[in-house]
Amino acid sequence: MGVDLSELVEDIKRELSFGELKGKKISIDAYNALYQFLAAIRQPDGTPLMDSQGRVTSHLNGIFYRTISILEEGVIPVYVFDGKPPEQKSEELERRRKIKEEAEKKLDQLKKEGSTEARELKKYSQMSIRLTNEMAGESKKLLELMGIPTIQAPSEGEAEAAYVNSLGLTWATGSQDYDSLLFGATRLVRNLTITGKRKLPKKDVYVEIRPELIELSDLLKKLGITREQLIDIAILIGTDYDPDGVKGIGIKTAYRIIKKYGKIENAVEKGEIPKQKITFNVEEIRSLFLNPKVEKPNTDLELKDCDEKGIEELLIKQHDFSEERVKNAIERLKKAKREAKGAERQKGLDQWF
DNA sequence: CGGCCGCA
DNA sequence: TGCGGCCGG
């Protein structure tokens, strides 16, 4: 699930109000967002929302209503969809697939036994969440009907989101994962697709979740390293391309080593890291972050009018959404888009006056 | 997760 | 009018 850099960003991350995001475009990793909706939009026993034919609809529910809320805050989302993952990720994807399969078996077993243990049922439902190509495709279709810009990445969505951001086409990337920083995003906004209050596990305490901003330049300055070196730290603790990293090296040690030796190869040469502990091709993985497969988007990333009939057909007719709620939401969508476009124009004018 | 209703 | 809880699909 991406590289955990939370300990490194602790001092430079900054909470944002939505006001600061008004009129700004954010390239959002669509898979990351969809996955969160699938995980969060569930009944107490872990069952996701489904239509009358038993097809999961939690992702559509989340994408539809959450995107409208984001727009109402003046943020213009650009959703970036994954293409074909690089070969070096296949081992990790296979590992995740196996874990899900096991969880599915366990869940079936519990259900067959007639278990009413909500906690257990929820745990294994969460673990067996699958985001299929069909679900992603339908979400993309819905966004297009809503007139929200989407990008099809040639490979990793996170890399493409970072690329369009580095081109200046968006103000920041949006994801819960830190990987876009490794891919060269100038800014990362977390907690964009989860907000409001969240219950702490096992406690009756609610915490406010707010968007938070991490600027790559601030992070590198604070740590006194380059992006290449940040990538080396990530490789040592483990990325999607080398999930185990180097056994025994955590984030603090990784930072210390890279600060002292500059790069992984030097640390190995000086005997700081035993050579046999590097079980992957460092140069190759580093290159996946430095030169990922990306391309310039062939659309203008602007908000378009929405296809109301199309949205109604997809959500109401095909997936049993409530007609009243959907029509209501479409009105909010149209209003929010008019205002968001206005805010973006205003932002453009601010540069001149 | 968000919408929406009931309740103070 | 703001918050808590239940339902949505």
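Convention: sequence-line order gives letters A, B, ...; per-chain numbering from 1.
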Nearest-nucleotide pick for A/Phe321, side chain only, options being B/dG3, B/dC4, C/dG9: C/dG9
Polar side chain donor-acceptor pair, A/Tyr79 to A/Ser139, under 3.5 angstrom: no
Under-4.0 Å side-chain N/O to phosphate OP1/OP2 contact, A/Arg325 with B/dG2: no
Candidate nucleotides C/dG8, B/dG2, B/dG3, ranked by approach to the side chain of A/Arg66 - the nearest: B/dG2
Whole-Å gap separating C1' (C/dG8) and OH (A/Tyr65): 8 Å
Electrostatic pair A/Arg286-A/Glu283, nearest N-O below 4.0 angstrom: yes
Whole-Å distance separating the CG atom of A/Leu49 from the P atom of B/dG3: 14 Å
Sugar-phosphate only, base, or nothing, as touched by A/Asp320 at under 4.0 Å among non-hydrogen atoms: sugar-phosphate
For atom CG of A/Asn61 and atom P of C/dG8, their distance in whole Å: 11 Å
Whole-Å gap separating P (B/dG3) and CD (A/Glu324): 14 Å
A/Glu91 atom CD: more than 12 heavy-atom contacts under 6.0 Å: no
Residue pair A/Asn32 / A/Gln36, side-chain donor-acceptor N/O under 3.5 Å: yes
For atom CD of A/Gln43 and atom P of C/dG5, their distance in whole Å: 18 Å
Interatomic distance where CD belongs to A/Glu323 and P belongs to C/dG9 [whole Å]: 12 Å
A/Thr57, nearest nucleotide to its side chain (from B/dG2, B/dC1, C/dG9): C/dG9
Nearest-angstrom distance from the residue atom CD1 of A/Ile209 to P of B/dG2: 11 Å
Whole-Å gap separating P (C/dG9) and NE2 (A/His59): 14 Å
